[in-house]
A.B. asks: 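Quick one: the structure is below, questions incoming.
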Amino acid sequence: MAQSSGQAPLPRRIVLAGNPNVGKTTVFNYLTGLKQRVANYPGVTVERKSGRLVGAPQVEVIDLPGTYSLAPKSMDEQIAFDMLVGRIEQVPDVVVCVVDATNLERNLFLVTQVMDLGLPLIVALNMVDAAEQAGMTIDVQLLSKALGVPVIPTVARRGDGLDELRAQVRCPPPVAEGWRWPLMPVVEARLPALAAALEVEDFTDLQRRMESLRSLTEEAALERWTDAPRFVAAVRQAQEFLKGRNVPYRYAEVAGRYQWIKPIVHQATKAHRPSDAPSFTDRVDAVVTHRVLGPIIFVALLALVFQAVFSWAVPAMDLIEEGIGRLGSTVRALLPSGWAVDLLADGVITGVGNVVVFLPQILLLFFFLGLMEDTGYMARTAFIMDKVMKRVGLNGRSVLPLLSSYACAIPGIMAARTLDSERDRLITIMVAPLMSCSARLPVYTLFIAAFIPSGKLFGFADYQGLAMFSMYLMGTVMAVIAAWFLRRFVFKGSEGYFVMELPPYRRPRLRQVLLRMVQRSQIFAVRAGKIIFTCSVVLWFLASFPKPGPTEVNTSGVAAGPAADSVYAAQTAEIHSSFIGLLGRALEPVMAPLGFDWKMSAGIVTAFAAREVIISTLGIIYSVSEEADESNIALRDQLKADTYPDGRPVFTPLVAVSLLVFFVFALQCMSTLAIARRETGTWLWPAVMWLYMTALAYLFSLIIYQGGRLLGFA
């Protein structure tokens with residue numbers, strides 16, 4: 001029974017544990033009143049969600065990553081285990097295990113593992129309404145007595161039972177009795193020697209015994225003890241002994257736990273409906289996971305998500321860009337001109353705009369992700385696409401992040417956090433920027449419209465449309481090849497098994513979906529935004545200094561067009577003499593084999609702020625307009641009219657194709673690098689990403705341009 005708050009001190013730290021898709025986050029939101037803090041666990045990129053217990057702000061509540069077992073195979077499982085045993089932060093004062101009442105036997109496996117840690121434990125028996133709908137009644141008192149821990153029935157999405165749970169965690173029960181399940185005698189006999197060889201001072205006898213068993217049966221667990229050679233040698237000796245006697249020791253823990261769990265579940269559960277009667281979930285899955293209809297439905301839903309992120313966000317993004325532009329103009333109108341105002345308008349305000357402009361896409365993406373997760377359909381997408389993705393070394397969960405990257409690599413990379421495997425998550429992040437995002441579209445549009453003829457192939461296929469399709473196709477094919485290469489040669493390791501629970505379908509909880517959207521936007525705006533903002537200011541400085549001398553205004557080497565005037569001539573000279581202009585001229589010998597002169601090189605450098613920036617940079621260089629975009633006819637005419645001193649055209653169809661191919665593969669986006677740094681927790685992988693994509697861009701542009709010249713194309 002619960003003790004009153006006056007009989008025992010309040011716990012300092014409460015940890016929520018449980019399998020994925022059991023409603024743990026809903027319980028967490030209720031206990032903390034939605035007042036939460038999202039950070040990372042020390043040294044890793046897994047999110048740490050914490051909050052303060054409602055009515056007791058001195059009590060911290062931590063939501064652990066969902067895990068099926070405390071025998072870690074993934075980063076999430078490792079974090080959960082390390083938090084519970086005190087390797088990360090302090091050992092919790094109370095553990096609340098949230099379990100799914102409709103799948104009690106499998107959920108109690110984790111409960112018994114937590115019991116073995118010797119911690120005060122409370123079981124929140126969630127989704128009892130779904131169990132009743134499935135024709136099952138659970139005797140909560142009998143279950144609590146058999147487990148030896150408090151069991152509180154809840155329906156988290158309705159708030160049922162959560163007040164009782166909140167009262168219970170304020171006065172935790174005694175430590176749960178652990179290791180009550182049987183272990184085959186021949187394995188049991190080897191454990192004392194192994195536990196004695198494991199010299200860890202802060203482990204209890206029970207924890208030392210458990211770790212010995214895990215290391216004996218799980219290779220990944222043993223690999224963590226490379227700094228304990230005596231223990232490793234003892235485990236290897238025990239494994240050889242058991243192998244020699246054909247003992248299935250690797251299944252000892254699983255078999256023993258379920259041998260103890262099954263009778264308890266059988267006694268505590270009473271079924272009112274035949275077990276073979278199809279449920280609502282079974283009937284829906286017969287359609288959505290059908291080998292023919294399933295992929296069709298999946299593609300239709302992906303098309304909707306893609307359309308939303310790609311198109312529906314545009315009005316909001318345009319409003320943000322317009323607002324940022326007006327704010328910059330207002331600042332210029334109100335304050336005296338000078339470098340300080342330029343810094344404020346072009347550096348600070350533009351930097352903020354570079355952060356905020358992506359929020360509509362991120363919010364929309366995570367809105368749909370939240371709906372798919374809450375309804376239970378997300379698990380089905382991975383199931384449907386797993387066979388296809390395995391051919392390139394990934395699994396089905398990588399589909400949505402990669403397709404989302406067509407709109408923008410930033411939400412695509414952020415969506416990769418839904419992947420359980422750290423290896424698959426890194427590979428997905430590393431190839432996501434190869435999918436042609438919407439920022440490449442202005443570049444494609446400008447150069448295709450200017451240099452690709454508008455005729456038709458076979459009388460119906462437009463050349464310009466085919467060129468645009470080819471850009472997207474090249475990026476997609478290269479993403480598949482890169483994923484295969486990274487899986488084969490960089491992120492090596494055992495293939496492992498793709499095991500995923502298909503949870504029952506549920507009605508989505510809009511409040512939870514909106515909360516998730518807000519949390520994701522905060523993560524992007526606050527963390528990645530710092531890096532993006534800093535880079536924007538740095539790029540402004542590089543494009544603004546040093547200032548041109550009085551003789552440089554008309555000697556920048558750019559043909560003056562009909563739209564040229566003194567203002568834009570000064571801007572052209574400023575770009576020409578700036579650090580970016582200097583860098584463009586310095587890079588010209590390197591970029592010349594691709595057909596690029598200093599102006600294109602300078603545009604590529606400024607495009608690092610955002611790919612589409614090359615359009616405005618070329619507009620300034622060619623003295624067309626500060627508002628130049630891909631539809632600007634004057635800019636197209638100036639590109640076509642520009643010549644070298646010997647009369648050769650600077651831009652030709654071959655040069656345009658070379659530049660298009662360069663932008664297909666090059667990672668010219670500081671925002672993508674910033675979010676990749678945020679998601680990987682290191683600059684190593686973003687640096688590798690930028691280097692290999694730049695190398696691909698250079699190589700393929702070189703092949704296109706030099707090969708075209710050899711074939712006689714101008």
A.B. asks: Hey, could you give me the CZ/CG distance between R236 and L216, rounded to the nearest 0.5 Å?
C.D. replies: 10.0 Å
A.B. asks: State the CG-CD distance between L583 and E588, to the nearest 0.5 angstrom.
C.D. replies: 12.0 Å
A.B. asks: Only distances under 3.5 Å count here; give the side-chain donor-acceptor pairs of residues 686-697 to other protein atoms, sequence neighbours excluded, each with its distance to 0.1 Å.
C.D. replies:
| unit_1 | atom_1 | unit_2 | atom_2 | d |
| --- | --- | --- | --- | --- |
| Y692 | OH | M430 | O | 2.7 |
| T694 | OG1 | W690 | O | 2.7 |

A.B. asks: Backbone N or O of F298 within a donor-acceptor pair of the R380 side chain at under 3.5 Å?
C.D. replies: no
A.B. asks: Name the residue from L594, L659, L587 that meets the side-chain contact (heavy atoms from CB on, under 4.5 Å) definition with I604.
C.D. replies: L659
A.B. asks: Would you mind reporting whether Y68 and P20 have side-chain heavy atoms less than 4.5 Å apart?
C.D. replies: yes
A.B. asks: Measure the spacing between CZ of R585 and NZ of K599 and express it to the nearest 0.5 Å.
C.D. replies: 11.0 Å
A.B. asks: Output all residues satisfying side chain to side chain contact (heavy atoms under 4.5 Å, CB included) with P593, sequence neighbours left out; order by chain, then residue number.
C.D. replies: Y698, L702, Q706
A.B. asks: Do V655 and F451 have side-chain heavy atoms sitting under 4.5 Å apart?
C.D. replies: no
A.B. asks: Between Y705 and F596, does the ring centre distance come in under 6.0 Å?
C.D. replies: no
A.B. asks: For residues F665 and M474, determine if any side-chain heavy atom of one lies less than 4.5 Å from a side-chain heavy atom of the other.
C.D. replies: yes
A.B. asks: Carefully, step by step, assess F651 and F447 under the rule ring pair (Phe, Tyr, Trp, His ring centres under 6.0 Å).
C.D. replies: CA-CA 10 Å; F651 283 95; F447 287 96; 5.8 Å; yes
A.B. asks: Looking only at atom types and distance, does a side-chain atom of S215 sit under 3.5 Å from a main-chain N or O of E211, one as donor and one as acceptor?
C.D. replies: yes
A.B. asks: Please check: side-chain N/O of S701 versus main-chain N/O of S658, any donor-acceptor pairing under 3.5 Å?
C.D. replies: yes
A.B. asks: How far does CE of M478 sit from CG of L473, to the nearest 0.5 angstrom?
C.D. replies: 11.0 Å
A.B. asks: Which residue in the set I429, T428, I427 passes side-chain contact (heavy atoms from CB on, under 4.5 Å) when paired with R425?
C.D. replies: I429
A.B. asks: Quick one, V288 and L293 - any side-chain contact, counting heavy atoms below 4.5 Å?
C.D. replies: no
A.B. asks: To the nearest 0.5 angstrom, please state how far the CG atom of L426 sits from the OG1 atom of T680.
C.D. replies: 7.0 Å
A.B. asks: Would you say that Y444 contacts L660 through its side chain, given a criterion of any heavy-atom pair below 4.5 Å between the two side chains?
C.D. replies: yes
A.B. asks: Step through the shown structure and confirm whether more than 12 heavy atoms of other residues, nucleotides or ligands are within 6.0 Å of OH on Y377.
C.D. replies: yes
A.B. asks: Please examine the side chains of I452 and M468, heavy atoms only from C-beta on, and report whether any two atoms are closer than 4.5 Å.
C.D. replies: no
A.B. asks: Relative to each other, are the rings of F231 and W225 parallel, tilted or perpendicular (30° and 60° limits)?
C.D. replies: perpendicular
A.B. asks: Kindly compute the distance separating CG (L402) from CE (M435), expressed to the nearest 0.5 Å.
C.D. replies: 5.5 Å
A.B. asks: Run the ring pair (Phe, Tyr, Trp, His ring centres under 6.0 Å) test against W685 and tell me which residues pass, sequence neighbours left out.
C.D. replies: F491
